[in-house]
Amino acid sequence: QENDYFSNDSHNLALYLKNEEESNENVMLYMVSALFKSLKPIYSWGDSISCKKIKKDVVILPVKEDGTIDYDYMDKYIKVIKKIVIKNVVIWKDKIIDKTKEII
């Protein structure tokens with residue numbers, strides 16, 4: 001999240017990359033998605049996340065051959081997803097315009 005967020009909920013956690021220079025919006029979007037997919041099935045309203053609990057959890061991220069996190073892959077992956085979404089929105093918009101022309 002770009003700006004600080006404050007809440008009165010005691011189960012909010014702030015997670016930060018140790019390697020901040022690798023961080024950008026696309027990498028963070030990838031990580032949020034990975035965290036959500038990994039942790040959503042584990043935690044619920046009645047079994048909230050905590051700092052102690054999350055230290056035991058595993059989130060799978062892409063890695064390079066040397067075992068380091070592949071930030072470049074995450075960045076490129078999100079860029080491709082964004083392009084696909086934009087393409088689909090343009091296709092949808094064109095269909096709406098075509099339907100509008102038929103009505104007129």
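Any value given below was found using the heavy atoms of this structure, including those in side chains, with hydrogens, waters and symmetry copies removed. Not measured: the values here are computed from a predicted model. Numbering starts at 1 and runs along the sequence shown.
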Which residues pass the side-chain contact (heavy atoms from CB on, under 4.5 Å) test with L35, sequence neighbours left out? L15, L39, V59
Strictly by ring pair (Phe, Tyr, Trp, His ring centres under 6.0 Å), give each pair with a member in residues 78-101 just once, sequence neighbours left out. none
Closest heavy-atom pair and its distance - L61, Y30: CD2-CE2, 4.2 Å
Could you grab the distance from atom OG1 of T100 to atom NZ of K95, nearest 0.5 Å is fine? 14.0 Å
With a 6.0 Å cut-off (strictly less than), is the heavy-atom count around CD1 of I60, excluding the residue itself, greater than 12? no
Any residue meeting side-chain contact (heavy atoms from CB on, under 4.5 Å) with D94, in chain and number order, not counting sequence neighbours: V90
Throw together a table of side-chain donor-acceptor distances under 3.5 angstrom for residues 74-85, partners on residues two or more places apart or in other chains.
residue: D75; atom: OD1; partner: N24; partner atom: ND2; Å: 3.4
residue: D75; atom: OD1; partner: N26; partner atom: ND2; Å: 3.0
residue: D75; atom: OD2; partner: K79; partner atom: NZ; Å: 3.1
residue: K76; atom: NZ; partner: D72; partner atom: OD2; Å: 3.0
residue: K82; atom: NZ; partner: N26; partner atom: OD1; Å: 2.7

Atom of P41, atom of F36 and distance for their closest heavy-atom approach: CD-O, 4.2 Å
Tell me, which pairs form a salt bridge (charged side-chain N to carboxylate O under 4.0 Å, His left out) where one or both residues lie in residues 22-42, sequence neighbours left out? none
Taking side chain to side chain donor-acceptor pair (under 3.5 Å) as the definition, give me every residue that meets it alongside D66, ordered by chain and number, with sequence neighbours left out. T68
